[in-house]
There are 2 protein chains.
Amino acid sequence: MDLFWMRGYEATSVRDLTQRLGIGQGSLYAAFGDKEGLYRAALEHYRTTLAADALRSLDEGADARSAIRTMLVGRVRIAVEDGGRGCLAVNAVCERLPQDASVRRTVRDMQDASRDALAEVLRVAAERGEIAARHDPHTQAAFLVTFLNGLLVTSKITPDAHALESLVEVALSTLD
Amino acid sequence: MDLFWMRGYEATSVRDLTQRLGIGQGSLYAAFGDKEGLYRAALEHYRTTLAADALRSLDEGADARSAIRTMLVGRVRIAVEDGGRGCLAVNAVCERLPQDASVRRTVRDMQDASRDALAEVLRVAAERGEIAARHDPHTQAAFLVTFLNGLLVTSKITPDAHALESLVEVALSTLD
DNA sequence: CGCATACTGTATCGAGCGATCCAGAAAGAG
DNA sequence: CTCTTTCTGGATCGCTCGATACAGTATGCG
C-alpha cells in the first residue's frame, strides 16, 4: 500500500513490491493473482483502515462543526507526510480513471459512504440548530467530500498543513 | 496532450504517441529530447490553452460571483468529457508527485496564477460590496482553487456535470 | 541541374517489465 | 522418523519499454 501510495500503480514494479514485502514473486502471484489484484487489495486495505478511521472520528466531536473540522484536518495531516503523498484513493482515481472500472467502483463506494455519514451528521446538527440549514444536507455533504478531494490534491502540490487548515475554515463557513 | 490526459504518463508509450502524432520515433526524440520532455511540453501546452482560457473568462462576467461560477462550470464541462478525463494538471500531480519536481513547479505556478487572478477579482468585488468580506481575498481565492481541484477529481469519479454544478453553488455561498 | 545539408521514420538495442516454472524447504500426518 | 503435501522464492520466459543508429528522402542553394 505504501509503495503504491507514494509512486502510483504503473511506476511501482512487481520487484519493488516483493522486495518491500520480503517475499518471492511466486508467493505474491499465488496470493494476489497479479499486480492489479495486489493493487486492488491495497486500495481495499486503505479503505478499511485510513478512510474508515476518518469516518469514525466524525462521531466523536462535541459539535458537528468541530467533528468535521477534525476529520478534514486529520486527513490533511496524513496527506502532507513524506513530501506530499496525498491520498491513495485520489491518486488512484487520477492515474487509473476513466479506464479502470474497479477503481472507480471502489472509490465511489468509499466517497458515497463518507458523503452519507456527513449528511447524517449535518442533518442532526441542522435539527439541533447548531448549523444553518442553507443547503440540503446531502448536497452540503457532497460539497465537503469534493472539497476534501481538493485538499488532498493541494496537499501534494504544497504540503503545508497550516495553510491548508485555513482553507478548511473557509469551507466550514458554508455551514453558517 | 490528449493521450497523456486520458491515460497518464506511465501508461502512455512512446509508440502510442508517435502513432497518434503520425511521426517516427526519431522525429519525436529530435524534437522533445525524451518522453519526459514531451510530457512537459504537453503540460505547458495545457497551461497556455485550457488553463489560460479559464483565467481569461474571469474578466468577462457581469459580476464576480457569476464570473467565478462560469469559470468553474466551464472547467467541469471539459473535465467530464470522455467518461471523466479530469484535468491534465491534477492528473499529473496525483501520478507524478512527490517525485517529479518539474511537474510540481509547473502546476504550482499555474495554480498560483489562478489564485492571484481570483484574489484580485474578489478584492474588487468586496470593495464594490458585491460580496461579503468574510474572508481574506487571498485565502478565499486559495479555497476556490482547492475546491476546483476537488471538482476535477470528482469529475472523474462521477462525470455528471449537473450534480457538480450544485456543489459549485455551495462553494459560492462562502461569498455571502 | 548537382551537390551539400537537414530531416524523417524504420530497424534495432539493451533493459526492465509482468508473469510463470519448478527445485527445494517447510509443515503436517501416520 | 518417514512420507506426502503445501508452499516459497530465485531463475527464467517472452514481451514491450524508452532510446538510438542509420539508410533513405526531402530541401535549399549556387
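Chain naming here is simple, since letters A, B, ... match the order of the sequence lines and numbering starts at 1 in each. FYI, side chains are in, hydrogens and waters are out, and symmetry mates aren't considered; it's all heavy atoms of this structure.
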Drop me the distance from A:M71's CE to A:L144's CG, to the nearest 0.5 angstrom. 7.0 Å

Test: [X] and [Y] ion pair at under 4.0 Å:
X      : Y      : result
A:E36  : A:R40  : yes
B:R128 : B:D63  : no
B:E60  : B:R56  : no
A:D176 : A:R65  : yes
A:R69  : A:E169 : yes

Which part of the nucleic acid does B:G37 contact within heavy-atom distance under 4.0 Å: base, sugar-phosphate only, or nothing? nothing

Here's one to test your reading of the geometry: is the NZ or CZ of A:K35 within 45 degrees of the ring axis of A:Y29 and under 6.0 Å from its centre? no

Worked check of ring pair (Phe, Tyr, Trp, His ring centres under 6.0 Å) between A:Y39 and A:F32: CA-CA 9 Å; A:Y39 188 67; A:F32 297 100; over 10 Å; no

Could you check which residues of residues 93-101 of chain A get a heavy atom under 4.0 Å from DNA chain C? Sort them by number, please. none

For B:T154 and A:T146, test the side chains for any donor-to-acceptor distance below 3.5 angstrom and give the result as yes or no. yes

Using atom names, set out every protein N or O paired with an N or O of nucleotides 10-17 of chain C below 3.5 Å, distance rounded to 0.1 Å.
residue, atom, partner, partner atom, Å
C:dT10, O4, B:G26, N, 3.4

Between P on C:dC7 and CG on B:L28, what's the gap in Å once rounded to a whole number? 16 Å

Measure CG/A:L17 against C1'/C:dA19 and give the value in whole Å, please. 14 Å

Are B:Y46 and B:F4 an aromatic pair by the rule of ring centers under 6.0 Å? no

Does a side-chain N or O from A:Y29 land closer than 4.0 Å to OP1 or OP2 of C:dT20, or not? no

With a 4.0 angstrom cut-off to heavy atoms of chain A, pull out the first and last contacting nucleotide of DNA chain D, in 5'-to-3' order. D:dT8 to D:dT12

